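Single-structure report; data block below.
Here the structure is a predicted model, which means the values were calculated and not measured.
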Amino acid sequence: MKTTCTVLTDSELAGVRKEITQIQKFVQSSAGELAVLIRTNAPKKSGDLRRGIVPSPRDEKSMYPGKIVRQVYFDAKMNDTFVKVTKNGKRYYYPASQEFGFRIPRRSTLTRKQSAVYAAAPRSSRVPGKFFMNDTFVVYISVFEKGVEALVDKVVGK
């Protein structure tokens with residue numbers, strides 16, 4: 001088995017580093033754009049949910065060197081606002097309940113006769129989620145793919 005070794009000059013390495021920084025800047029700006037779009041689609045009652053949506057400020061740690069990942073998430077500094085407690089004492093995360101929905105107990109009080117009729121009725125009803133993050137991401141992914149294609153054409157087309 002023969003192995004070959006490729007030697008790169010300093011100028012070639014500089015070109016590779018320049019391309020990597022272009023990709024990092026593109027991914028960071030894309031995460032910022034996605035965060036802005038998610039903020040515009042987020043439900044607005046008090047505005048805390050929208051203020052809490054932030055892009056990640058740095059690269060994700062990865063076991064694969066050179067992998068560039070950015071995320072859009074809810075700011076941990078606002079957990080005192082986002083973590084709520086129900087009357088029963090259960091804790092829940094407000095952004096997740098808005099994204100995916102939640103269950104509420106049946107509010108009507110039934111008489112004994114009605115409860116026999118409605119015994120099969122569910123004890124709780126489901127409030128559907130708004131899926132503002134997921135829906136925005138699905139729309140944005142095509143824009144992101146076009147940007148990646150343009151960047152690759154620019155880098156490879158040199």
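Of the possible donor and acceptor atoms, none in the side chain of Ser97 sits under 3.5 Å from a partner among the backbone N and O of Gly101. A distance-only check finds no donor-acceptor pair linking the side chain of Arg70 to the backbone of Gln28 [under 3.5 Å]. Counting only distance, with no hydrogens or angles, the side chain of Glu99 and the backbone of Met133 share a donor-acceptor pair below 3.5 Å. Between the side chain of Arg39 and the main chain of Ile53, a donor-acceptor pair closer than 3.5 Å is present.
The hydrophobic clustering, which links ILVMFWY residues whose side-chain heavy atoms are closer than 4.5 Å, places Ile68 and Leu151 together. Val36 and Met78 are assigned to two separate hydrophobic clusters, defined by single-linkage of ILVMFWY side chains at heavy-atom distances under 4.5 Å. Residues Phe100 and Ile38 do not share a hydrophobic cluster, defined by chaining ILVMFWY side chains whose heavy atoms lie under 4.5 Å apart. Follow the hydrophobic side-chain contacts under 4.5 Å out from Val69 and you never reach Ile141; the two are in separate clusters. No continuous path of ILVMFWY side-chain contacts below 4.5 Å connects Leu34 to Val139, so the two sit in separate hydrophobic clusters.
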(message) Let's go through Asn79 and Tyr93 carefully: what are the C-alpha distance in whole Å and the side-chain angles of both, what is the deciding distance for side-chain contact (heavy atoms from CB on, under 4.5 Å) to 0.1 Å, and is it a yes or a no?
(response) CA-CA 8 Å; Asn79 274 350; Tyr93 195 57; 3.6 Å; yes
(message) side-chain contact (heavy atoms from CB on, under 4.5 Å), that's the test. Do Ile20 and Gln24 meet it? Break it down for me.
(response) CA-CA 6 Å; Ile20 289 173; Gln24 287 174 333; 4.0 Å; yes
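When all heavy atoms of Pro57 and Tyr73 are compared, the closest pair comes out as CD-OH, 3.5 Å. Nearest heavy atoms, Pro43 versus Lys130: CG-CD, 3.5 Å. Smallest separation of non-hydrogen atoms from Arg91 and Val83: NH2-CG1, 3.5 Å. Of all the heavy atoms in Leu49 and Phe132, the pair that sits closest is CD2-CZ, 3.9 Å.
Side-chain contact between Asp135 and Asn41: absent, with no pair of heavy atoms (C-beta onward) separated by less than 4.5 Å.
Applying the 6.0 Å contact sphere to CZ of Arg126 captures more than 12 heavy atoms from other residues, nucleotides or ligands. Within 6.0 Å of atom CZ in Phe137, 12 or fewer heavy atoms from other residues, nucleotides or ligands are found, so the atom counts as exposed in its surroundings. With a 6.0 Å radius and a threshold of 12 heavy atoms from other residues, nucleotides or ligands, Lys44 has its NZ atom at or below the threshold.
Centroid-to-centroid, the aromatic rings of Phe144 and Phe26 come within less than 6.0 Å. Aromatic pair Phe102/Tyr92: ring centres not closer than 6.0 Å.
In this structure, a donor-acceptor pair under 3.5 Å is absent between the side chains of Thr81 and Asp48.
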